[in-house]
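All of these numbers come straight from a predicted model, not from anything done at the bench. Sequence lines set the chain letters: A, B, ... in the order given, protein chains first and strands last, and positions in each chain run from 1.
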Number of protein chains: 2
Amino acid sequence: MKPTIRDVAKMANVSISTVSRVMNSPETVVESKRLRVLEAIEHLQYQPNAFARGLIYKRSNTLGVMIPDVENPYYAGLLRGMQDAAVDLGYSLMIVNTDRSKERTITYVENLYEKQVDGIIFASDILHPEYYDIIRHYQIPLVLASTNSIEYDVPSVNIDNEKGAYDAVRYLIELGHRKIGMLSFPYDDSISGEPRYNGFIKAIKEYGLEECATHVTYADHRFESAYKAAEQLFSKYPDLTAVFTASDEFAMGAISFLHEKNILVPDQVSVVGFDDIRMAHMYVPKLTTIAQPVYEIGQHAVKKLYELITEEKVQLYTEILSHKLVIRNSTQEV
Amino acid sequence: MKPTIRDVAKMANVSISTVSRVMNSPETVVESKRLRVLEAIEHLQYQPNAFARGLIYKRSNTLGVMIPDVENPYYAGLLRGMQDAAVDLGYSLMIVNTDRSKERTITYVENLYEKQVDGIIFASDILHPEYYDIIRHYQIPLVLASTNSIEYDVPSVNIDNEKGAYDAVRYLIELGHRKIGMLSFPYDDSISGEPRYNGFIKAIKEYGLEECATHVTYADHRFESAYKAAEQLFSKYPDLTAVFTASDEFAMGAISFLHEKNILVPDQVSVVGFDDIRMAHMYVPKLTTIAQPVYEIGQHAVKKLYELITEEKVQLYTEILSHKLVIRNSTQEV
DNA sequence: AATGTTTTTGAAAACCTTTTCAGACTCATT
DNA sequence: AATGAGTCTGAAAAGGTTTTCAAAAACATT
C-alpha cells in the first residue's frame with residue numbers, strides 16, 4: 001500500500017494538517033515537529049497523491065499535446081521544445097497522435113478533458129470548427145503551435161510560411177535559376193500548403209518569371225508521394241534547373257527521384273527544402289533549406305499556454321518566430 | 001464551472017448514486033430514469049472527473065514512457081506503436097525524455113509516481129540500479145522496451161541484437177567482402193553496443209576473417225560522432241570494402257564521410273546499417289539495414305505492461321521479436 | 001389482504017489531500 | 001496574577017466519485 005499523509009502523521013505523531021503544512025508552508029510549523037515530519041516523509045518515501053490534490057486545486061499540472069504524427073521528424077523537434085519548457089514550469093505532457101482524423105481528434109479531446117489537462121496545444125493541423133467548438137465548450141485553454149487560425153481567435157506560435165517560401169525561391173533566383181518548379185503541399189492545406197505556394201508565386205512574379213507559375217505539382221505530406229510528384233514535374237518540365245519543395249521530406253523525395261534518373265543534385269538541379277529537420281544535414285547532399293525554429297516554437301507554445309492558464313489572457317496573441325535560410329549542398333549557381 | 005455528477009442528478013431529478021449507476025452498470029436502473037439521466041448527461045456534456053475516480057479506483061489509466069530522446073527517429077517508431085496499443089486499451093501515455101541523465105531520470109520517476117501512472121515503460125537505455133531501486137520501491141509495474149536487464153528480473157520486449165549484427169555481417173561476407181570494418185556504439189553500452197559488436201566478431205571469426213577484429217571504431221549515438229569515427233576508421237584502414245554500422249544514423253554518418261571523400265557507396269564501399277528507421281529508405285543511397293520491428297516492440301511493450309498491471313504477472317518474460325535484413329542500395333558485391 | 005421476494009433507490013462512507021476556523025499554547029506586558 | 005497579542009495546532013469540511021447497506025418500492029404468492 002502506498003503511504004498516505006495519515007501514515008506520515010502517525011509516524012511523526014502530529015495531525016495530518018501539520019504534515020500538509022510542512023509540505024506547503026513549512027515556515028508555519030515549529031522546527032521540532034517539522035523535522036520529525038520531514039524524517040517520516042523521507043523514511044516512508046511519501047509522495048502526495050495527485051488525485052487528491054487535483055480534486056482540491058482543480059489542476060493536474062498536465063498539458064495535452066495534439067500532433068498529427070510523432071513519427072514525422074518535424075514534430076519530434078517541436079515536442080522536444082515543449083517537453084523542456086513543460087518540465088521547467090512543473091508540467092507533464094500527455095501526447096496524442098491525431099493522424100489528422102476528425103473522429104480520433106474529437107475522442108482525444110474528450111479524453112484529455114476527462115483527464116483534466118490544464119490546457120491543450122494543438123499543433124500543425126487545421127483547427128476545424130468541430131475541434132474548436134468542443135475545446136471551446138469544455139473551456140480548455142488552447143494554443144496553436146506551428147499552425148494558426150483565421151476564423152477563430154486563438155493564440156498561436158508559428159512562422160511566416162509565405163515569407164519563408166519567398167526567401168527560398170528568391171535565393172534560387174539570385175543563384176541565376178530561371179526555370180524553377182515547386183513540389184507543393186495540397187493547396188487546400190491553409191496552414192503550410194497555401195502560404196508556401198503563395199510565397200513561391202510571389203517571388204517568381206517579382207522577378208518576372210511568370211511562366212514558372214505552372215511548374216507546380218502537389219503531394220500529400222509523405223516522401224513516397226513527393227517522389228511521384230517529382231516524377232510528374234520532371235516529365236512535364238524536363239529542363240527545370242531548380243525546385244523548391246514544401247518540406248525537407250519532399251526535398252528528399254525529389255532528390256531520390258533525380259538520383260535514380262542520374263540527374264545530379266546540385267550540379268544539374270538545385271533543390272531547396274523547408275523545415276530543417278534534423279536529417280537535413282545528414283542527407284547526401286546536405287539540404288539547403290528554410291530552417292524553422294521548431295524547438296523554440298514548441299517552447300513558446302507551452303509558455304504561452306502557461307500564461308493563458310495562469311493569467312487567463314495572453315500578451316502577444318499571434319507570435320511569429322523568424323525562420324532563416326540555411327545554405328548547404330543541395331543548391332548551386334546555375 | 002464544470003458540471004458534476006450532482007448537477008446531472010439534479011437535472012434528472014434522481015440521486016447521484018443513480019447517475020453513477022447509469023454510467024457503470026446501467027442494467028440496474030429502470031429505463032425511465034436511465035433515459036432521463038442520459039439526457040441530462042448529454043445536455044450538460046458531463047464527463048466524470050478523473051481525479052475523483054482515480055481516488056477510488058487507485059488507477060489513472062495512464063502509462064509513463066521514459067525514452068532517451070524523442071528527437072531520435074528510432075524512438076518515434078517505438079512511440080507510435082505504444083500510442084496505438086495504449087489507445088486500444090483505454091490508456092493515455094505520459095512521455096518523458098531522459099536524455100540518459102541519471103538525475104533527470106530519477107526526478108521523472110518521482111513525477112510519474114506522483115501522477116499515479118499505472119505503470120512505466122522504460123525504453124532503450126540501461127536500467128541502472130538507481131532506476132530499478134526507485135521504481136521497485138514505489139512498486140510501479142515496469143516493462144522494458146528495446147532494452148533488457150541482465151541483473152534484474154524485469155519483463156522486456158527486444159530483439160536479438162547479436163544475431164542481427166551477425167546477420168548483417170554475414171551478408172557482407174557472402175557478398176564477397178573480406179575487408180570489413182565496424183562503427184560501433186561504445187562497448188560499455190550493454191544494450192546495443194556490446195551485443196552488436198559481439199555479432200560482428202562472431203561472424204568474422206566464423207569466416208576466418210580474424211584480422212578484421214581490429215577494424216572497429218566507436219562513437220556515441222549521434223551522427224556527428226559517427227562521421228568522425230568513420231574518418232578515423234578509413235584513415236587507419238583505407239582499403240576496407242565494407243562497413244557494418246551500429247545504427248542507420250551511423251550508416252548515414254559513414255556515407256556522408258565517404259561521399260565527401262568521393263568514395264562511392266556502394267560501388268567502392270558497402271555500408272549496412274541497423275534499425276531501419278523511416279529515413280533509411282529515403283536516403284541516397286537507400287540503406288541496406290537490419291530492420292527492427294519497432295512498431296511491434298512498442299505495441300508489445302504496452303500490452304505486456306497491461307498484462308502486468310491487470311494480472312500482476314506476465315506470461316512471457318523476455319520477448320524477442322524477429323528482425324530482418326532489408327537489402328537496398330547501400331551494398332553490393334565486391 | 002397479508003406476507004414474502006426481488007428489484008430499485010438514496011444516504012452515507014470512503015478515497016487523500018488542503019484549508020478554514022477555533023481553540024490551545026506561548027510570551028510579553030501590565 | 002491577569003490580560004492581550006501572537007503563534008501554532010488539530011478537527012472538520014470540502015472536493016467528485018463509487019459502493020455498501022438498508023430502506024423503499026414493485027411484484028408475486030398465498
In whole angstrom, what separates [X]'s [atom1] from [N]'s [atom2]?
| X | N | atom1 | atom2 | value |
| --- | --- | --- | --- | --- |
| E27(A) | dG6(D) | CD | C1' | 16 Å |
| K33(B) | dA24(D) | NZ | P | 14 Å |
| R6(A) | dC16(C) | CZ | P | 8 Å |
| L55(A) | dA14(C) | CG | P | 17 Å |
| Y57(A) | dT17(C) | OH | P | 12 Å |
| K58(B) | dT19(D) | NZ | P | 12 Å |
| N61(A) | dT17(C) | CG | P | 16 Å |
| K10(B) | dG16(D) | NZ | P | 12 Å |

Worksheet item: Do R53(A) and dG15(D) share a donor-acceptor pair, side chain to base, under 3.5 Å?
Response: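 No such pair is found, so the answer is no.
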Worksheet item: Do NZ/NE/NH1/NH2 and the carboxylate oxygens of E319(B) and K304(B) come within less than 4.0 Å?
Response: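 Looking at E319(B) and K304(B), the cut-off is met.
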Discussion item. Do the side chains of D125(A) and K102(A) get close enough for a salt bridge, i.e. N-O under 4.0 angstrom?
Written reply: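 No.
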With respect to the phosphate group of [N], does any side-chain polar atom (N or O) of [X] fall under 4.0 Å of OP1 or OP2?
| X | N | answer |
| --- | --- | --- |
| Y46(A) | dT17(C) | yes |
| K2(A) | dC16(C) | no |
| S20(A) | dT18(C) | yes |
| N24(B) | dT18(D) | yes |
| S15(B) | dT9(C) | no |

So which nucleotide from [options] ends up closest to the side chain of [X]?
| X | options | result |
| --- | --- | --- |
| T18(A) | dG16(D), dC16(C), dG10(D) | dG10(D) |
| I5(A) | dT18(C), dG15(D), dT17(D) | dT18(C) |
| R21(B) | dA14(D), dT9(D), dT9(C) | dT9(C) |
| S17(A) | dT9(C), dA11(D), dC15(C) | dA11(D) |
| T4(B) | dT17(C), dT17(D), dG10(C) | dT17(D) |

Worksheet entry | Y132(A): which of F122(A), Y138(A), Y152(A) passes ring pair (Phe, Tyr, Trp, His ring centres under 6.0 Å) |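 Filter result, single survivor: Y152(A).
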Worksheet item: For DNA chain C, whose closest nucleotide is more 5', that of V19(A) or that of V29(B)?
Response: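 Nearest-nucleotide comparison on DNA chain C picks V29(B).
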Answer yes if the side chains of [X] and [Y] hold a donor-acceptor pair under 3.5 Å, and no otherwise.
| X | Y | result |
| --- | --- | --- |
| H221(A) | D69(A) | no |
| S92(A) | K115(B) | yes |
| S146(A) | Y74(A) | yes |

Item to complete: Give F51(A) one of three labels, base, sugar-phosphate or nothing, depending on what nucleic acid heavy atoms sit under 4.0 Å from its own.
Response: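 Nothing: the residue F51(A), judged by heavy atoms under 4.0 Å, touches no strand.
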